[in-house]
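Both backbone and side-chain heavy atoms feed into the values below; hydrogens, waters and symmetry mates do not. Sequential numbering from 1 along the given sequence is applied to the chain's residues.
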Amino acid sequence: MNRRYMLLILTLPLFFTNMVCANSITKSEFLRLLEQSHPLFQKEDLNSTIEKEAQAAYLGAEDWNLSSSVAFVHDEPALAYAGPERTDALTISGTAQRKFWKTGGTITASYSSTRFDMKLDPFYRVPSSFYQHQIGIAYMHPLMRNKKGFLDQFAYKLKSFAIDFSEVTADERKEDFLAQSALTYLQWVYLNEQVNIIAERLKLSEEELERTKKKREANLIDQADVIRAEDAVNLWKQNLALVQSQERSIRASLSILSQQPDLTERVPADDLYTTCDVPTVREAENILTTQSRLVKRINIQIKQLAYSKLGFEETLKPDLTLVASLNTKRADEGIGTSLVLNKPTAEISLLLNVPIGNRTSKANIEKTDIQTAQLEQAKKELILELLSNYTRLRIQISEFERIMELNRDQIISATKRTEEELKLYEQGRGELTFVIQSRDNEQNVQLSYAQNALAYQQLVVQADALLDRLYNATSDGDQN
């Protein structure tokens with residue numbers, strides 16, 4: 001044989017295998033396509049972005065706060081025998097204030113400029129008009145309550161728990177979506193397998209019809225056998241058309257869901273009959289306790305309550321504040337000379353405010369402790385419920401593995417029976433009805449095997465979803 005043709009024959013199987021692989025898609029590939037293209041994932045990611053922006057809004061408390069005012073005062077005293085008969089004053093003032101979260105302190109800078117115009121007896125030798133200017137700076141520093149700015153940062157840091165909670169919740173919704181999509185993909189695999197089984201059954205029926213017609217032409221059988229063979233062909237054609245329509249519709253649905261138009265030309269690559277190892281109940285308990293997102297959400301709430309308690313405890317402390325201020329001023333008839341601010345004033349003081357009773361904060365602390373205890377019990381209840389559901393799924397998975405093994409034995413038995421019925425019929429010692437019934441039974445066993453395999457794969461997906469194994473978020477940190 002020519003070496004060129006020999007090489008062509010050897011490479012043909014590999015060529016067709018590559019074509020099948022190129023036109024097929026696995027469940028994992030399909031789910032990754034959904035992660036990349038489906039809007040649900042971007043929508044869920046925006047939840048944490050919204051919470052982060054809400055947190056960033058608290059940073060405005062550290063911004064500089066500027067204020068200014070212009071005031072005119074006209075004053076005529078009730079007793080005019082002492083002091084000016086009237087005073088007119090025009091004042092322009094401004095302040096700049098800022099809080100510092102790292103220290104809890106507040107700094108305030110101020111400026112004021114006033115022009116006084118008075119009607120005054122010359123006896124007092126006081127100018128009737130003059131200018132006064134003043135600048136000052138003051139700093140308040142907490143020594144007990146709100147030390148290091150704890151209360152100033154409280155709302156901002158408390159929002160971090162809402163961000164973590166929204167991220168875990170979003171990932172859980174993604175997990176649920178992928179689980180539902182995986183179940184739909186498995187339904188596609190099952191329908192595709194049904195198409196193959198029924199198409200094979202139709203092929204055998206058509207071959208049987210051809211043999212029956214030849215036997216009838218040779219007057220070896222009655223016309224009734226030909227009619228029976230034709231009825232069998234028509235029946236399986238109808239069944240095939242029905243299943244093909246279902247398979248095409250679900251394939252089109254998955255194509256739209258994943259936004260992959262070429263999916264309508266592809267076939268599922270997963271083997272419906274492949275079994276896999278699932279974690280033991282003890283392994284699942286460890287996974288649920290340490291990694292379950294539903295459990296993580298409760299842990300986040302517990303941490304949030306613990307931080308809230310710190311805030312309530314902080315309000316129980318006495319408010320001891322150190323205040324230091326320095327200002328300088330000058331008053332003079334001339335506007336130029338009044339700007340030489342050479343009259344300083346310095347002050348340092350301690351302010352103490354001691355809460356008595358503070359029943360509100362104490363009640364909130366007690367409430368927080370009770371809520372924390374409630375959440376701890378809720379976490380235990382949740383773990384038990386999840387573990388109970390997983391145990392049920394694992395038992396069902398094991399049972400379906402045994403059922404599928406029995407299905408394989410049934411298929412072997414049904415195939416042998418068909419071979420025997422066909423031999424009897426070929427020898428003229430059997431009836432075509434028995435051959436058709438045997439082949440129908442063989443295909444029904446195969447369809448039952450496929451249906452049980454589908455149920456098995458669905459249970460595996462449910463178990464994976466319960467253990468949060470379908471969606472692996474790179475942002476998923478340890479929230480315990």
N/O donor-acceptor pair under 3.5 Å between [X] side chain and [Y] backbone:
X	Y	value
Arg293	Thr169	no
Ser181	Phe177	yes
Arg98	Asp63	no
Tyr390	Pro279	yes
Gln457	Leu272	yes
Ser253	Ser249	no
Thr289	Asn286	no
Asn234	Glu230	yes
Ser448	Asn444	no
Ser388	Leu384	no

Heavy atoms only: give me the nearest [X]-[Y] pair and the separation to one decimal.
X	Y	value
Trp101	Leu59	CZ3-CD2, 3.9 Å
Arg32	Leu470	NH2-O, 3.3 Å
Tyr58	Ala155	CE2-CB, 3.6 Å
Glu51	Ser166	CG-OG, 3.9 Å
Leu31	Leu178	CD2-O, 3.7 Å
Leu466	Leu386	CD2-O, 3.6 Å

Could you tell me whether [X] and [Y] have a side-chain N and a carboxylate O separated by less than 4.0 Å?
X	Y	answer
Asp171	Lys174	yes
Lys296	Glu167	no
Lys416	Glu419	no
Arg228	Asp225	yes
Glu399	Arg402	yes

Intermediate values then yes/no, side chain to side chain contact (heavy atoms under 4.5 Å, CB included), Lys237 and Glu206:
CA-CA 10 Å; Lys237 280 183 177 180; Glu206 289 174 338; 3.8 Å; yes

Pair [X], [Y]: side-chain N/O donor-acceptor within cut-off below 3.5 Å:
X	Y	answer
Ser67	Asn65	no
Gln410	Asn407	yes
Ser361	Thr315	yes

Can you find a pair of side-chain heavy atoms, one from [X] and one from [Y], that are under 4.5 Å apart?
X	Y	value
Arg394	Val278	yes
Val189	Glu193	no
Gln437	Asn441	no
Val460	Ile397	yes

Residue pairs fulfilling side chain to side chain donor-acceptor pair (under 3.5 Å) with at least one residue in residues 137-157, sequence neighbours excluded
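Checked against side chain to side chain donor-acceptor pair (under 3.5 Å) - neighbours excluded - the pairs reaching residues 137-157 are Thr103-Tyr139, Tyr139-His141, Asn146-Asp152, Gln153-Lys157.
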
Got a second to check how far [X]'s [atom1] is from [Y]'s [atom2], nearest 0.5 Å?
X	Y	atom1	atom2	value
Gln97	Thr108	CD	OG1	3.5 Å
Leu33	Leu254	CG	CG	11.0 Å
Gln304	Ile302	CD	CD1	11.5 Å
Lys99	Ile107	NZ	CD1	12.0 Å
Arg359	Glu366	CZ	CD	15.5 Å
Met404	Ile411	CE	CD1	10.0 Å

Intermediate values then yes/no, side chain to side chain contact (heavy atoms under 4.5 Å, CB included), Leu240 and Arg201
CA-CA 9 Å; Leu240 181 61; Arg201 179 67 182 89; over 6 Å; no

Residue pairs involving residues 246-261 (criterion salt bridge (Lys or Arg N to Asp or Glu O under 4.0 Å); sequence neighbours excluded)
Glu247-Arg251

Does a sphere of radius 6.0 Å around CZ in Phe434 hold more than 12 heavy atoms from other residues, nucleotides or ligands, not counting ones at 6.0 Å or beyond?
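Check fails, neighbour count at 12 or below.
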
If you count every heavy atom of other residues, nucleotides or ligands that lies below 6.0 Å from Glu29 atom CD, does the total exceed 12?
yes

Given Lys303 and Asp164, is the side chain to side chain contact (heavy atoms under 4.5 Å, CB included) satisfied, shown in steps?
CA-CA 11 Å; Lys303 284 187 175 183; Asp164 293 340; over 6 Å; no

Considering residues at least two apart in sequence or located in another chain, which fulfil the side chain to side chain donor-acceptor pair (under 3.5 Å) criterion with Asp271?
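Side chain to side chain donor-acceptor pair (under 3.5 Å) list for Asp271, sorted by chain: Thr274.
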
Would you call the rings of Tyr307 and Phe154 parallel, tilted or perpendicular, where under 30° means parallel and over 60° means perpendicular?
parallel

Step by step, would you call Phe30 with Asp270 a side chain to side chain contact (heavy atoms under 4.5 Å, CB included)?
CA-CA 11 Å; Phe30 174 69; Asp270 282 29; over 6 Å; no

Do the two ring centres, one from Tyr449 and one from Tyr456, sit under 6.0 Å apart?
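No, they do not, as the ring centres are separated by 6.0 Å or more.
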
